[in-house]
S.K.: 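One structure, as structure tokens, below. Some questions next.
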Amino acid sequence: RVDSTLGIAGLMECLRRRTVLVANPPGSGVLEGGALMGYLPKLCKHLLNEPLVLPSIATWWCGEPVAMEEALDRCENLVFKPADPGFAFNPVFGQNLSPQQLQELQQQVTRHPERYVAQELVEVSQAPILSGRMRQKFKPRGIGLRVHASIAPGGSYVVMPGGLTRVASETDSR
């Protein structure tokens with residue numbers, strides 16, 4: 001919808017007319033899977049001959065035997081997530097599991113390693129948010145901010161106005 005304030009107004013129409021090229025067009029899901037994250041540094045170096053400008057979270061796709069072995073050796077310090085958005089489950093934080101639960105997680109991953117990625121734990125940024133209906137108070141919450149950039153003629157980048165911010169619902173949420 002060209003009148004929408006969500007996303008980029010008119011983008012779908014431009015895609016239909018083929019007047020714009022989108023690396024990850026709606027519905028493809030290619031770049032949505034976590035399995036690709038562990039390969040981003042090498043992909044960037046191979047395709048662009050330069051390092052990532054911003055480092056990625058250390059990620060192991062468990063479908064690769066060496067990566068799975070390393071992830072399982074360190075599972076109490078990692079978080080396990082779906083490798084593919086089609087196989088959804090809540091993240092599993094190794095540090096919260098009992099020894100028996102860790103063993104069960106290892107067995108689960110070993111049965112279907114291609115379904116899992118393991119990532120290092122990252123402390124999220126904190127920001128004050130207004131909370132409460134009648135008596136609003138500032139409270140600390142974890143946040144994640146995504147901004148988007150577009151390549152401009154001549155190879156420079158333009159940061160798009162706005163962005164996406166996710167705010168944790170509870171003080172201690174990850």
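Note that the structure is predicted; figures quoted are calculated from it, not measured. Just so it is clear, the values below take in all heavy atoms, side chains as well, and ignore hydrogens, waters and symmetry mates.
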S.K.: Where is the tightest heavy-atom contact between K81 and P91, given as atom of each residue plus distance?
M.R.: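 Closest approach of K81 to P91: CG-CB, 4.2 Å.
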S.K.: What's the separation between atom CD in E70 and atom SG in C62, rounded to the nearest 0.5 Å?
M.R.: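 Reported to 0.5 Å precision, the distance equals 10.5 Å.
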S.K.: Any link between V159 and V53 through a network of hydrophobic side chains (Ile, Leu, Val, Met, Phe, Trp, Tyr) touching at under 4.5 Å?
M.R.: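 No: no chain of side-chain contacts under 4.5 Å links V159 to V53.
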S.K.: Looking at every non-hydrogen atom in both residues, tell me the closest pair between A71 and L78 and how far apart they are.
M.R.: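 Heavy-atom minimum between the residues: O-CD1, 3.6 Å.
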S.K.: With a 3.5 Å cut-off and no angle check, do the side chains of E104 and Q100 form a donor-acceptor pair?
M.R.: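 Yes, a side-chain donor-acceptor pair sits under 3.5 Å.
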S.K.: Quick one: CD1 on I143 to OG1 on T165, what's the gap to the nearest 0.5 Å?
M.R.: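 Spacing of CD1 (I143) from OG1 (T165) equals 6.0 Å.
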S.K.: How long is the gap from CG on L21 to CD1 on I151, to the nearest 0.5 Å?
M.R.: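 Spacing of CG (L21) from CD1 (I151) equals 10.5 Å.
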S.K.: When you measure from the side chain of T59 to the backbone of I57, do you find a donor-acceptor pair of N or O atoms at a distance under 3.5 Å?
M.R.: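 Checking the backbone N and O of I57 against the side chain of T59, a donor-acceptor pair under 3.5 Å is found.
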S.K.: Hey, mind stepping through L15 and V22 against side chain to side chain contact (heavy atoms under 4.5 Å, CB included) and telling me if it holds?
M.R.: CA-CA 8 Å; L15 281 170; V22 176; 3.5 Å; yes
S.K.: With heavy-atom distances below 4.5 Å as the criterion, would you say the side chains of E50 and K45 are in contact?
M.R.: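 In short, these two side chains do not touch, never coming nearer than 4.5 Å.
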S.K.: Which atoms form the tightest heavy-atom contact between L102 and C75, and what is the distance?
M.R.: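 Result for this residue pair: CD2-SG, 3.6 Å.
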S.K.: A side-chain contact here means heavy atoms from C-beta on lying under 4.5 Å apart; do F80 and V109 qualify?
M.R.: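 Of all side-chain heavy-atom pairs linking V109 with F80, at least one is under 4.5 Å.
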S.K.: Kindly compute the distance separating CD (Q95) from CG (L121), expressed to the nearest 0.5 Å.
M.R.: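 If we round to the nearest 0.5 Å, Q95:CD and L121:CG are 5.0 Å apart.
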S.K.: Checking ring-ring contact (aromatic ring centres under 6.0 Å, His included) between Y116 and each of F89, W61, W60, which is the one that passes?
M.R.: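 Between Y116 and the candidates, ring-ring contact (aromatic ring centres under 6.0 Å, His included) is satisfied uniquely by F89.
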S.K.: Which value, rounded to the nearest 0.5 Å, describes the distance between K137 atom NZ and S131 atom OG?
M.R.: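 It is 9.0 Å, given to the nearest 0.5 Å.
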S.K.: Evaluate the criterion side chain to side chain contact (heavy atoms under 4.5 Å, CB included) for residue pair Q119 and M37; output intermediate values, then yes/no.
M.R.: CA-CA 9 Å; Q119 292 182 324; M37 286 189 69; 3.5 Å; yes
S.K.: Checking Q101 side chain against S98 main chain: does a donor-acceptor pair fall under 3.5 Å?
M.R.: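 Pair found, side chain donor or acceptor close to backbone of S98.
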S.K.: Hey, what do you get for SG (C14) to CE (M12), rounding to the nearest 0.5 Å?
M.R.: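 Reported value, rounded in 0.5 Å steps: 10.5 Å.
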S.K.: Report yes or no: does Q106 contribute a side-chain atom to a donor-acceptor pair with the main-chain N or O of L72 at less than 3.5 Å?
M.R.: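 Judged by distance alone, yes, a pair lies under 3.5 Å.
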S.K.: Is the shortest heavy-atom distance from the side chain of E64 to the side chain of M68 under 4.5 Å?
M.R.: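 Of all side-chain heavy-atom pairs linking M68 with E64, none is under 4.5 Å.
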S.K.: Side chain to side chain contact (heavy atoms under 4.5 Å, CB included) for L130 and F138? Distances and angles first, verdict last.
M.R.: CA-CA 5 Å; L130 276 174; F138 280 108; 3.9 Å; yes
S.K.: Linking I/L/V/M/F/W/Y whenever any side-chain heavy atoms sit under 4.5 Å apart, do F93 and V124 land together?
M.R.: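 Per the 4.5 Å side-chain linkage, F93 and V124 are not co-clustered.
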S.K.: Is any side-chain heavy atom of V147 closer than 4.5 Å to one of M160?
M.R.: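 Answer no - side chains too far apart.
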S.K.: Answer yes if L145 and I129 sit in the same cluster of Ile, Leu, Val, Met, Phe, Trp and Tyr residues linked by side chain heavy atoms under 4.5 Å apart, and no otherwise.
M.R.: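 No, it is not one cluster - the side chains of L145 and I129 are not joined through contacts under 4.5 Å.
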S.K.: In terms of side-chain geometry, is the basic nitrogen of E120 or R74 positioned less than 4.0 Å from the acidic oxygen of its partner?
M.R.: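 Between R74 and E120 there is a salt bridge, with a charged N closer than 4.0 Å to a carboxylate O.
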